[in-house]
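These notes are about the structure you will find just below.
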2 protein chains.
Amino acid sequence: MTTETGILPGTQAKRQQILEGAIATFLQHGYEGTGMNQVADASGVTKQTIYSHFGDKEGLFTAIIEELTEFHAQELPCPISPNDSPGQVLRSLGQRFLRRQKDPRYLALLRVMIGESERFPELARLFSRKVIARAMEAFQTYFKQHPELGIEDPDLTARVFVGSLVNFIVQQELLYYKEIAPFEMERLVDYLIKLILKQ
Amino acid sequence: MTTETGILPGTQAKRQQILEGAIATFLQHGYEGTGMNQVADASGVTKQTIYSHFGDKEGLFTAIIEELTEFHAQELPCPISPNDSPGQVLRSLGQRFLRRQKDPRYLALLRVMIGESERFPELARLFSRKVIARAMEAFQTYFKQHPELGIEDPDLTARVFVGSLVNFIVQQELLYYKEIAPFEMERLVDYLIKLILKQ
DNA sequence: GTCTATAAGCCGATAGAC
DNA sequence: GTCTATCGGCTTATAGAC
């Protein structure tokens, strides 16, 4: 309505500013462990500004989880060279997947989603639909599009492949199992490929 | 010191009573979501009684996690009939393991351990040592003691077997993935056995 | 829309009677 | 050891000025 860009010029920027502060705070301390004062400090705005944008604490938490869920639902970029062997492609896919899972921002989101899954079941379902299901489908689709791999049950195989990798990350990174039984992720990926292709 | 049983007759009973109330409350609401008044109500004692037994909130939480960790560190009873085939034994082991993981009390503990793993890293390490490592070792030991299964790398195989099952439980039960992609655990167990034995 | 100031209630933890 | 009563402090959320 003015000479500015369009609708509510500074408002959207401030909204994003709040979201970033809220993401940092909620991902570190969880829902109950986070205070609105903390979020206000981390965002550089006052509490009232947050309340006028997001209504209440639950509204803010829901907003940041929806934002993060959308962000981490992005597909794995997979530049497949046609002259690579099936094993090489799978290896590249698996390691790319593991590397993304090891991103501290994703690990923190995963921890909070599991930790708050009883308090916010709908958000957990959203995470399952957007993040888990898409990762699973990416591998299922790849298996189906490449019958030369000789995989009989792409759905089950994706469950085992993705499941082993996800659990590896949860145990090693979130539960500090890497300090008790250290393990290189490459060995796990290579072994999984061997199991899956040798049938 | 009296005519009673031995040391502090009613005291140990009250301590156990507090622990039970605290377990129910902390497992449902997490650490920050639980108030000492809630624990007092759930236990049927007053707050001061809790403080005189456990010092502070952290002391109480630590005590219940140590208790639960010890409880869930128990080995899987595995009555192996010598005339069962390797596949049948593995299947029985896997299903017994999955059934135990699906126990709501274990699921709640797993959720809290992951959710609070940054706030209480030492408790997460305890859980890893007592619960995760022992489950993993049980399968490793079985694989090593039965070379007729033809498993080359028992450690890696246990990681894949246990990892797939644990991740299945986490996704299906804690993140409601069973509502999005329902799946019978028997199919997963059977497929894993097929993968592992067919090499 | 954004600020300062504040309300009303719950938090963990404690003091003192018995 | 167990109770009643209470203390600061921090919580979510709001009222009113600008």
Side-chain angles (χ1 to χ4, degrees), chain A residues 1-26 28-65 112 115-116 119-120 123, chain B residues 1-26 28-65 112 115-116 119-120 123:
Chain A
M1 293 170 174
T2 68
T3 56
E4 287 288 46
T5 46
I7 312 161
L8 303 171
T11 303
Q12 288 295 84
K14 195 141 271 192
R15 188 189 151 91
Q16 201 57 36
Q17 187 182 337
I18 295 169
L19 280 176
E20 282 170 28
I23 286 170
T25 316
F26 276 120
Q28 189 176 357
H29 301 106
Y31 180 77
E32 294 286 354
T34 295
M36 295 298 265
N37 282 319
Q38 280 176 273
V39 177
D41 290 348
S43 308
V45 299
T46 57
K47 261 193 298 185
Q48 182 56 30
T49 304
I50 302 176
Y51 277 100
S52 73
H53 273 276
F54 296 97
D56 59 8
K57 192 183 176 182
E58 276 198 32
L60 177 61
F61 185 69
T62 300
I64 73 139
I65 296 299
V112 170
E116 307 293 348
R119 209 186 313 271
F120 296 98
L123 293 181
Chain B
M1 293 175 174
T2 67
T3 56
E4 287 288 46
T5 47
I7 311 160
L8 304 170
T11 304
Q12 287 295 84
K14 197 141 271 190
R15 187 188 152 92
Q16 201 57 35
Q17 186 181 338
I18 295 169
L19 280 175
E20 282 171 27
I23 286 171
T25 316
F26 276 119
Q28 189 174 357
H29 301 107
Y31 181 77
E32 294 287 354
T34 294
M36 294 299 266
N37 283 318
Q38 282 177 271
V39 177
D41 290 348
S43 310
V45 300
T46 58
K47 262 196 296 186
Q48 182 57 27
T49 304
I50 302 176
Y51 278 100
S52 72
H53 273 277
F54 297 97
D56 59 9
K57 192 183 177 183
E58 275 198 34
L60 177 60
F61 185 69
T62 300
I64 73 138
I65 297 298
V112 170
E116 307 293 349
R119 210 186 311 272
F120 296 97
L123 293 181

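Quick note on labels: first sequence line is chain A, next is B, and so on, each numbered from 1. The structure displayed is predicted, hence computed values, not measured ones.
- Side-chain proximity of H53(B) to the nucleotides dA13(C), dA13(D), dT2(D) is greatest for dT2(D).
- One can place CD of E32(A) at 15 Å from C1' of dG12(C), the figure rounded to the nearest angstrom.
- Between N37(B) and dG12(C), a side-chain N or O to OP1/OP2 separation shorter than 4.0 Å is absent.
- The distance from atom NZ of K14(B) to atom C1' of dC3(D) is 10 Å, rounded to the nearest whole Å.
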Requested in this report: Check the pair F54(B), T62(B) against side-chain contact (heavy atoms from CB on, under 4.5 Å), reporting the backbone distance first and the verdict last.
Outcome: CA-CA 9 Å; F54(B) 297 97; T62(B) 300; over 6 Å; no
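- Using a 4.5 Å heavy-atom threshold, the side chains of T25(A) and D41(A) count as separate.
- For dT2(C), neither phosphate oxygen OP1 nor OP2 lies less than 4.0 angstrom from any side-chain nitrogen or oxygen of T46(A).
- Under the 4.5 Å side-chain criterion, counting only non-hydrogen atoms from C-beta, K14(A) is in contact with V45(A).
- One can place CZ of F61(A) at 19 Å from C1' of dA13(D), the figure rounded to the nearest angstrom.
- For K47(B), counting side-chain heavy atoms from C-beta on, the closest listed nucleotide (dT2(D), dT2(C), dA13(C)) is dA13(C).
- Ring geometry for Y31(B) versus F26(B): interplanar angle under 30°, hence parallel rather than tilted (30 to 60°).
- Here the P atom of nucleotide dT14(C) and the NZ atom of K57(B) are 15 Å apart, to the nearest Å.
- When rounded to the nearest whole Å, the span between OH of Y51(A) and P of dA7(C) equals 17 Å.
- Residue Q48(B) contributes atom CD, which lies 16 Å from atom P of dC18(C) at whole-angstrom precision.
- Under 4.0 angstrom from either OP1 or OP2 of dC3(C) there lies at least one side-chain N or O belonging to T49(A).
- One can place CZ of F54(B) at 14 Å from C1' of dG1(D), the figure rounded to the nearest angstrom.
- As a whole-Å value, the separation of M36(A) CE from dA8(C) P is 20 Å.
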